[in-house]
**Student:** 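Let me give you the structure first, and then I'll get to my questions.
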Amino acid sequence: FRLRRPIDPQVLEELEEILYSADVGGEEVARVMERLQAAHREKRMEDTDQLLGRLKEELKVGLQGMDSGLRWSAAPPTVLLVVGVNGSGKTTTIAKLGKRFQDEGKKVVFAACDTFRAAAMEQLQIWADRLGIDLVHHQQGADPASVAFDAVQAALSRKTDVLIIDTAGRLHTKDHLMRELDKVVRVVKKKLPDAPHETLLVLDATTGQNALTQAKTFREMIGLTGVVMAKLDGTAKGGIVFAIYNQLQVPVKFVGLGEKMEDLEAFDPAAFVEGMFG
Amino acid sequence: AITQSFSKVFSGLLQRHRLTDENIDEALKEVRTALLAADVNFRVVRQFIDNVRLKAVGQTLIQNVRPGEQVIKVVHDELIELMGPKHSPLEFSTEGPTVIMMCGLQGSGKTTTCGKLALRLKGQGRHPLLVAADIQRPAAVRQLQVLGEQISVPVHANTNGTAPPGICQEALTKAKGDGKDVVILDTAGRLHIDDPLMKELEEIARVTRPHQILLVCDAMLGQDAVNSAKSFNERLAIHGLILTKMDGDARGGAALSIKQVTGKPIKFIGVGEKIEDIEVFHPDRLVSRMLG
Ligand SMILES: Nc1nc2c(ncn2[C@@H]2O[C@H](COP(=O)(O)OP(=O)(O)OP(=O)(O)O)[C@@H](O)[C@H]2O)c(=O)[nH]1
Ligand SMILES: Nc1nc2c(ncn2[C@@H]2O[C@H](COP(=O)(O)OP(=O)(O)OP(=O)(O)O)[C@@H](O)[C@H]2O)c(=O)[nH]1
Ligand SMILES: [Mg+2]
Ligand SMILES: [Mg+2]
């Protein structure tokens, strides 16, 4: 996007294209562009630098007030339930969260509630071993809710600060799988009425508008307290967060920036907006 | 002079029986919104709409069909033609084992699809060998081994530090010795902007000379699909694509963008998590889904 040139319709189309290619989505693009046009009308901007600056402001305003902090339980353990569609990055994100909390001096336990997919438990076990974190698991094919129940039990008896529950990837369109997830939540609630304290939806940054549908459905079925935008180290921009925050009021808590256990950062709205134009 | 004025009158008459610019623009506005909402790339949409406009302009009005509907028909047919051919089959080797290399972004469904393809080919009377060339992701080798056990297909794995190109090379030698006629290479997910990992993929292709290099893409990919697909295609000259997770409700517009920028056909679609859940690609089904 060339700076220091006068503003014409072509320029506005270029900015619109940047937003579209960032997966911001039709509705949000229209909303932001309208505000930008209004701003340009009321205070005639000189050149593209000013226009771009104003657009970034509008985007940042779109994310203001977002609470990216985690909700900690008054009494341990704090329970984090991690959910999302197949392959989005849940298990890897759990390893990253585990490392983060451990570095803060917290005692972490993982629960292997993906009892379905080939080698899912082995995958989480390897991460647990690398971190020296306990993994509560049953045999392949076990009922995820019963694993969750045992995990809460174990977290309580082992004076755990954070229990992170890994779940199987599932398409939000599959009712029986969404009901299975709901059962996990209910079982956890039975043991700890305030849990899960955080229900995090892991989204793949390369996903398009379907990410909004995913967020809507998971939120409807089991409630969501936040989103983790994984794979933001690629070229996809994850612009769907505007729609998710504005339409569903679900905040982004973390972003995944790679495949190693260190590759997790707290969500920073200003950096995120700058990254869209980088 | 007479011929000029005659043709003017003639064309004026015809104008009333042809699609007008208004008809076309109105319908195409809605099509543009639908395609963008379906995740078709912004530029691909613009190009597509322009092409359709050219095709639709001056078309004779069909009896008993509203002009808007007629434009949609042009759109539909144009999409089918773009997404075609009707079915692009796998191409097999004429001598020695057929090597199929799966590649793609992280989490797109490669490992699962390797299992699905192996079962499908076994069902066709072939003798596949699965190769666990992802030594990076925790338990990736184990994942492929579990799938191989489920379908009684052998899995070649190597845990003594050999790099992926070497693993694939030795698998090919093993296949020839064991009379396996298809070798399916499962590779680690990677970003198209990760140069060392893209070079690794090029190296695997160099030593195994795959008959089919298949890019495995998630049906829910957004606007960035063009970037990753273009990169993979430019560096590897892929033979086709497999679109996974089509059992969801993603509109699948990225498939159109990918077809447009690579020109390569979609060979199969993944329609579920089970090892039987793979189907031949039908462009008409995807087009209806894309148009919502
Ligand atoms: N580049 C990159 N890759 C990531 C990131 N997060 C996860 N991945 C990769 O994405 C792939 C899928 O990650 P998983 O953690 O297995 O995803 P999942 O959601 O648990 O998958 P299922 O359990 O099968 O649904 C792996 O190859 C990860 O290394 C990220 O932030 N950046
Ligand atoms: N619903 C559905 N899930 C699928 C399909 N194909 C794969 N999956 C699931 O998607 C997730 C990721 O699949 P993998 O085979 O591990 O993906 P991958 O590309 O090998 O991942 P990496 O090796 O980490 O890059 C798993 O949970 C699979 O079960 C499909 O067609 N439909
Ligand atoms: Mg997982
Ligand atoms: Mg894999």
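These numbers come from a predicted model, not from an experiment. Naming: A, B, ... by sequence-line order, numbering from 1 per chain.
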**Student:** Under 4.5 Å from any heavy atom of chain A, what part of B:L191 do you find: side chain, backbone, both or neither?
**Tutor:** side chain
**Student:** So which part of B:A37 gets closer than 4.5 Å to some heavy atom of chain A, the side chain, the backbone, both or neither?
**Tutor:** backbone
**Student:** Show the pairs of one donor and one acceptor atom, one from chain B and one from chain A, lying under 3.5 Å apart.
**Tutor:**
unit_1	atom_1	unit_2	atom_2	d
B:D39	OD1	A:Q209	N	2.9
B:D39	OD2	A:Q209	N	3.3
B:R43	NE	A:E17	OE2	2.4
B:R43	NH2	A:E17	OE2	3.0
B:R46	NH2	A:E13	OE2	3.0
B:R46	NH2	A:E17	OE1	3.2
B:Q106	O	A:K231	NZ	3.0
B:Q106	NE2	A:E259	OE2	2.7
B:R137	NH2	A:Q123	OE1	3.4
B:H192	NE2	A:T235	OG1	3.0
B:M220	O	A:G208	N	2.8
B:G222	N	A:T206	O	2.7
B:Q223	N	A:D23	OD1	2.9
B:D224	OD1	A:T235	OG1	2.9
B:D224	OD2	A:T235	OG1	2.7
B:D224	OD2	A:A236	N	3.4
B:K245	NZ	A:N86	O	2.9
B:D247	OD2	A:K174	NZ	2.4
B:D249	OD1	A:H172	NE2	2.8
B:D249	OD1	A:N210	ND2	2.8
B:D249	OD2	A:H172	NE2	3.4
B:E273	OE1	A:N86	ND2	2.9
B:E273	OE2	A:N86	ND2	3.4

**Student:** Under a 4.5 Å heavy-atom cut-off, does chain B meet the side chain of A:L177, its backbone, both or neither?
**Tutor:** side chain
**Student:** Among A:I240, A:V85, A:L124, A:L171, single out the residue with the greatest number of heavy-atom pairs under 4.5 Å to chain B.
**Tutor:** A:L171
**Student:** Residues in ring-ring contact (aromatic ring centres under 6.0 Å, His included) with A:F116, at least two apart?
**Tutor:** none
**Student:** So which of B:L36, B:V226, B:L144 has the largest heavy-atom pair count under 4.5 angstrom toward chain A?
**Tutor:** B:L36
**Student:** Counting only heavy atoms from other residues, nucleotides and ligands, does the tally under 6.0 Å from CD of B:E202 exceed 12?
**Tutor:** yes
